[in-house]
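Lettering of chains follows the sequences in order, A, B, ..., and the numbering in each one begins at 1. Keep in mind that what you see is a predicted model, and the values were worked out from it rather than measured.
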Number of protein chains: 2
Amino acid sequence: MIDGMTSAPTWTIAEVADEFGVTHRTVRHYEDLGLISPERRGTQRVYHRRDRTRLGLILRGKRLGFPLEEIRTIIDLFDAPRGRRTQLEYVLDQIDERRADLDQRLRDIQDAIAELGEFERRCREDLDKLA
Amino acid sequence: MIDGMTSAPTWTIAEVADEFGVTHRTVRHYEDLGLISPERRGTQRVYHRRDRTRLGLILRGKRLGFPLEEIRTIIDLFDAPRGRRTQLEYVLDQIDERRADLDQRLRDIQDAIAELGEFERRCREDLDKLA
DNA sequence: CTTGACGTTGACGTAAACGTAAAGCATGAT
DNA sequence: ATCATGCTTTACGTTTACGTCAACGTCAAG
């Protein structure tokens with residue numbers, strides 16, 4: 001932070017990178033790909049709360065294994081203009097696609113967790129037999 | 001398939017690739033990394049049910065965004081010898097680590113789905129206001 | 001026996017997601 | 001004034017996960 005609470009808080013690239021546990025190079029890479037677009041004060045980048053929100057979404061997307069390009073289309077969706085009916089219907093369509101994808105992943109994860117639990121049970125059985 | 005049901009069924013590389021919707025190059029790549037090791041009949045690869053099980057696990061791991069190297073350590077875990085107590089305890093440890101990872105992903109996905117639902121609700125509101 | 005259809009091993013190419021110097025501004029501290 | 005810090009761009013390097021030839025083996029069909 002920088003401001004002393006007189007107006008909206010802002011951050012430097014080092015601060016956001018630190019806070020999110022990534023390098024400044026990573027943050028700039030996301031900017032190169034158009035995932036974030038911080039304000040410029042002269043030559044320096046100035047990050048606002050909006051940028052941090054986006055960064056959070058990006059990193060969660062990454063934890064879920066989405067490619068950055070796809071992540072961009074998703075978070076752009078959230079900021080898309082939703083004035084006209086056609087726009088809204090398009091957005092709702094996209095939402096459905098995304099959800100289908102997420103549902104598949106949810107099933108995959110639940111299956112994996114279940115299998116892991118089953119495997120653990122067998123291991124504990126084996127361990128008991130050794131006792 | 002090849003056998004005519006007199007013994008255990010086997011498959012060629014083209015068959016498994018086709019069935020799992022990947023290329024033969026992909027299948028061989030997984031073999032190069034030691035994720036599967038099909039039998040050799042002369043120079044040809046012969047895939048058994050075991051290999052297909054592994055391939056299934058690999059592809060699910062991929063859908064979940066795990067790197068192939070990590071996937072290998074995981075599925076190797078399932079086939080690891082569990083004779084000695086130390087081995088079993090090591091395996092149980094690994095299981096815990098894996099589960100922590102999967103739990104994080106589960107939360108991420110649930111959050112993402114929830115946010116998507118909330119976003120859809122807002123979009124539908126906007127759409128109603130236009131009616 | 002030659003032609004395909006499928007299989008094999010290299011080996012190089014490529015896209016994504018950064019890492020890693022190199023070299024130049026900008027600004028406050030000494 | 002200069003010196004150290006931190007930020008900037010430019011650009012080439014690296015890893016992962018395959019794609020894409022090239023060049024050759026093999027085996028049943030015509």
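Distances shorter than 4.0 Å separate none of the side-chain N or O atoms of B:T43 from OP1 or OP2 on C:dT9. Residue A:Y30 has a polar side-chain atom (N or O) positioned under 4.0 Å from OP1 or OP2 of C:dC18. Taking only side-chain nitrogens and oxygens, A:T23 never comes nearer than 4.0 Å to OP1 or OP2 of C:dC18. Remark: A:R25 is not in phosphate contact with D:dT10, judged by side-chain N or O atoms under 4.0 Å from OP1 or OP2. In this model, the phosphate group of C:dG7 is not approached by any side-chain N or O of B:R45 to a distance below 4.0 Å at OP1 or OP2.
Using a 4.0 Å cut-off between charged side-chain N and carboxylate O, A:E97 and A:R99 make no salt bridge.
The nearest whole Å value for the distance from the NE2 atom in B:H29 to the C1' atom in C:dT9 is 16 Å. Atom CZ of A:F66 is separated from atom C1' of C:dA17 by 17 Å (rounded to the nearest Å). The interatomic distance linking A:E31 (CD) with D:dT9 (C1') rounds to 12 Å, in whole Å. Put simply, NE2 on A:H24 is 13 Å from C1' on D:dT10, counting in whole angstrom units. Rounded to whole Å, the distance from CG on B:L33 to C1' on D:dT16 is 9 Å. Taking atom CD1 of residue A:I71 and atom C1' of nucleotide C:dA16, one finds them 12 Å apart after rounding to whole Å. Across the protein-nucleic acid pair, A:L35 atom CG and C:dA17 atom C1' stand 12 Å apart, rounded to whole Å. Counting to the nearest Å, the C1' atom of D:dA17 and the CG atom of B:L64 are 17 Å from each other.
Annotation: the span from A:I71 atom CD1 to A:D76 atom CG amounts to 11.5 Å, rounded to 0.5 Å. If you take CZ on A:R98 and CG on B:L116, they are separated by 9.0 Å, rounding to the nearest 0.5 Å.
Checking C:dG7, D:dC18, C:dT9 against the side-chain heavy atoms of B:R28 singles out C:dT9 as nearest. Candidate nucleotides D:dT9, D:dC18, C:dG7 were compared by shortest atom distance to the side chain of B:T12, and C:dG7 ranks first. With distances taken from any side-chain atom of A:K62 to the nucleotides C:dT8, D:dT8, C:dA17, the minimum falls on C:dA17. Closest approach to the B:Q44 side chain among C:dT9, D:dT9, C:dG7 is made by C:dG7 (side chain taken as heavy atoms from C-beta onward). Relative to the side chain of A:L68, the nucleotides C:dA17, C:dA11, D:dT9 differ in distance, and C:dA17 lies closest. The side chain of B:R40 approaches C:dT8 more closely than any other nucleotide in the set C:dA17, C:dG19, C:dT8.
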Could you check B:L57 against B:L35 for side-chain contact (heavy atoms from CB on, under 4.5 Å), going step by step and ending with a plain yes or no? CA-CA 10 Å; B:L57 289 174; B:L35 280 87; over 6 Å; no
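A donor-acceptor contact closer than 3.5 angstrom links the side chains of B:R107 and B:Q104.
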